[in-house]
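To keep things clear, I will list the structure first and then write my remarks on it.
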Amino acid sequence: MSIRLRLTAWYTGILAVTLILFSASIYAFVRYNTYMEVKNRLEDQANRIKNSQSYSITQGLDLYLDPMQANRLEDAQLFVQIHNYTDGNTRYSQNLLSWNMKFPVPDAGSLSKIAGFKKVQLYNQSFLLYQLPITLDNNLIGLIQLAAYTGAEDKLMNRMSTVLLFGSIITILAASSLGLFLARKSMAPIGKVIEAANGIQTGNDLSVRIDYEGPNDEIGQLIGTVNNMLARTEGFYKELDEAYSTQRRFVSDASHELRTPLTTIRGNVDLLKRMWTQDEARRDPGEEEQVRSFSLEAVSDIAAESERMSRLVNDMLSLARADAGQTLTKEPLLLAPVVEEVARRAHFLPRKAEWIQGDLQALEGVSVVGSKDYLQQMLFIFIENAFKYTEQGSVTIDAVQSAGQIGIRIADTGIGMDRSEVPHIFERFYRADPSRGVIQGTGLGLSIAKWIIDEHEGSVEVLTKRGEGTTFIIWLPAIFNALPE
């Protein structure tokens with residue numbers, strides 16, 4: 001059974017019980033008050049009749065009905081019958097004689113069984129009969145029977161019970177129909193949730209959202225939660241898809257980068273193998289020298305490509321650790337000695353451009369929370385990158401301060417880049433098209449540098465123009481005028 005039907009069933013059941021109890025209470029209250037009024041009237045008149053009787057042992061037992069009093073009772077639509085148990089005579093009011101009716105007279109017996117009210121049906125007419133015994137010295141001598149015609153009251157109560165019964169049935173039917181309509185309308189947004197969930201289950205469109213313009217009730221909050229969940233799921237899916245794309249591109253680029261040195265090494269090894277297995281007796285003296293020269297070149301190529309592969313593998317290992325969530329061990333340290341040591345060792349790097357150590361005065365008294373080895377590795381990546389793309393001109397390092405941060409600036413006068421390339425330079429294996437195949441490199445250095453900067457909660461700013469050079473400013477959160485303990 002659906003929730004709509006269950007809600008309607010519960011609502012209808014509760015309403016039915018409530019209406020039954022309410023109708024029964026109303027019926028009982030009206031019936032009690034209607035018949036109680038008749039009973040009070042009968043009891044009062046019966047006591048008056050009894051008090052008007054005059055009887056004693058000495059005077060004899062003469063029970064009679066006062067004609068004037070009987071007329072008043074007849075006007076009040078009351079019927080009187082007095083029975084004398086001593087002589088068996090019974091006196092009747094005129095209206096009883098006119099209707100040719102007689103009430104049944106009970107046998108003398110227990111007073112408790114005789115006295116009281118009882119319903120009597122005479123000639124298909126309904127009467128409420130009140131019997132009041134007349135006693136003398138605890139002996140039953142007579143019985144006053146006073147009755148009221150209750151046909152009108154009975155009709156009223158029958159009509160009332162019919163109205164209450166059919167009114168309750170009609171109300172329950174109308175309420176259940178309206179309740180089912182309202183339940184369907186209230187549960188319609190849940191249907192949209194199910195439809196959206198089924199659409200996502202059978203398709204790949206995670207951009208589906210549930211439209212809801214109703215109040216911010218429980219259903220509205222549920223739909224809002226589902227929409228937020230769908231938005232987060234879509235975000236996770238996009239991140240996962242991007243991660244898979246990056247992983248596939250990484251594997252493809254890594255395979256390409258590793259295949260080139262391996263091909264070179266294998267070719268040189270095959271060349272050496274053929275030269276060294278050739279019969280030395282057949283060689284001319286000039287060929288021996290040529291073999292030696294080729295061997296040296298092949299070994300040099302193998303060494304160079306092996307070194308390149310070693311750097312590539314180390315860079316890939318660093319990035320793999322970064323992807324695995326490895327964090328750096330950081331401690332407070334003075335930044336000036338770290339940068340000055342890098343600047344000094346940069347003089348010995350292979351380069352064609354002039355190396356200029358600019359103004360590093362801004363580093364004095366500045367501390368950072370970081371790793372010395374990784375900070376130096378990051379600076380060497382930027383410096384080596386600048387030397388690599390600067391055939392002539394200069395590479396300069398200096399420092400600046402701004403808004404609570406210290407900036408290490410590395411500027412070159414090399415080939416520069418277009419602005420459209422800047423968003424991609426920190427991607428793995430990315431290299432600008434003009435430099436591919438011309439300048440040696442793996443395209444992983446800047447990715448590693450960016451990871452180190454992120455681990456130090458810093459940022460990097462890039463200023464570049466094609467043909468005029470590139471400037472990198474590495475911003476790090478700093479502690480000014482403070483020394484590490």
Side-chain angles (χ1 to χ4, degrees), residues 17-55 63-85 90-135 140-171:
V17 172
T18 304
L19 281 177
I20 291 173
L21 293 177
F22 178 75
S23 300
S25 301
I26 293 295
Y27 181 83
F29 177 78
V30 174
R31 180 183 178 85
Y32 174 80
N33 284 277
T34 299
Y35 285 102
M36 183 57 65
E37 182 180 354
V38 178
K39 288 180 179 180
N40 290 336
R41 189 155 50 100
L42 291 175
E43 188 174 4
D44 180 65
Q45 294 298 330
N47 287 324
R48 288 184 181 183
I49 294 173
K50 180 179 180 180
N51 293 333
S52 66
Q53 302 299 317
S54 177
Y55 49 86
L63 302 178
Y64 72 99
L65 180 61
D66 186 359
M68 294 184 62
Q69 189 178 29
N71 291 333
R72 289 195 300 269
L73 294 176
E74 291 178 6
D75 294 338
Q77 295 184 349
L78 299 179
F79 302 85
V80 185
Q81 178 177 299
I82 300 177
H83 180 72
N84 192 333
Y85 283 103
T90 304
R91 298 180 183 273
Y92 305 96
S93 61
Q94 188 61 38
N95 52 4
L96 269 179
L97 297 175
S98 300
W99 285 34
N100 194 24
M101 291 190 307
K102 296 180 181 180
F103 298 118
V105 178
D107 296 334
S110 174
L111 293 179
S112 59
K113 293 181 179 180
I114 297 175
F117 294 94
K118 62 185 298 186
K119 294 286 290 185
V120 178
Q121 289 284 339
L122 296 176
Y123 304 104
N124 295 326
Q125 301 296 328
S126 178
F127 295 89
L128 179 62
L129 178 64
Y130 178 63
Q131 300 182 141
L132 179 63
I134 300 174
T135 59
L140 179 64
I141 61 173
L143 179 66
I144 300 174
Q145 293 177 299
L146 187 61
Y149 176 67
T150 58
E153 286 79 2
D154 292 341
K155 290 181 180 179
L156 173 64
M157 298 312 301
N158 290 334
R159 290 174 182 173
M160 186 175 183
S161 62
T162 302
V163 169
L164 290 176
L165 176 62
F166 285 98
S168 298
I169 293 175
I170 294 173
T171 302

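Here the straight-line distance linking atom CZ of F103 with atom CD of Q81 works out to 6.5 Å at 0.5 Å rounding. Atom OG of residue S161 and atom CG of residue L156 lie 9.5 Å apart, to the nearest 0.5 angstrom. Distance check, rounded to the nearest 0.5 Å: CE of M157 to CG of L164 gives 8.5 Å. Between D44 atom CG and Y130 atom OH the span is 10.0 Å, to the nearest 0.5 Å. Taking NZ of K102 as the start and CZ of F79 as the end, the distance is 15.5 Å to the nearest 0.5 Å. The OH atom of Y92 sits 8.5 Å away from atom NE2 of H83, with the distance rounded to the nearest 0.5 Å.
A pairwise comparison of heavy atoms in A148 and V38 identifies CB-CG1, 3.8 Å as the closest pair. The heavy-atom pair separating P106 from Y85 by the smallest distance is O-OH, 2.8 Å. Listed here is the closest heavy atom pair of L140 and G142: CD1-O, 3.3 Å. In terms of heavy-atom proximity, L42 sits nearest to A147 at CD2-C, 3.8 Å. Nearest heavy atoms, Q145 versus P104: NE2-O, 3.0 Å.
Side-chain contact between N84 and I82 is absent, with no heavy-atom pair separated by less than 4.5 Å. Two residues are said to be in side-chain contact when any heavy atoms from C-beta on lie closer than 4.5 Å; I134 and L143 fail this criterion.
Screening T34, I26, L165 against M160 for a side-chain contact (heavy atoms from CB on, under 4.5 Å) leaves a single residue, I26.
Within the structure, salt bridge (charged side-chain N to carboxylate O under 4.0 Å, His left out) contacts touching residues 118-130 (residues at least two apart or in different chains) are K119-D154. Applying the salt bridge (charged side-chain N to carboxylate O under 4.0 Å, His left out) test to residues at least two apart or on different chains, none of the pairs has a partner in residues 24-40.
Partners of F22 by ring-ring contact (aromatic ring centres under 6.0 Å, His included), not counting sequence neighbours: none found. Under the rule for a side chain to side chain contact (heavy atoms under 4.5 Å, CB included), the partners of N47 that lie at least two apart in sequence or sit in another chain are E43, L132. Considering only residues two or more places apart in sequence or on other chains, Y149 meets the ring-ring contact (aromatic ring centres under 6.0 Å, His included) condition with F127. Take K155 and apply the salt bridge (Lys or Arg N to Asp or Glu O under 4.0 Å) test, not counting sequence neighbours, and it matches no residue.
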Intermediate values then yes/no, side chain to side chain contact (heavy atoms under 4.5 Å, CB included), L129 and L146: CA-CA 6 Å; L129 178 64; L146 187 61; 5.9 Å; no

Could you go through the side chain to side chain contact (heavy atoms under 4.5 Å, CB included) check for L128 and V120 one step at a time? CA-CA 6 Å; L128 179 62; V120 178; over 6 Å; no

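A donor-acceptor pair under 3.5 Å is formed between the side chain of Q131 and the backbone N or O of I114.
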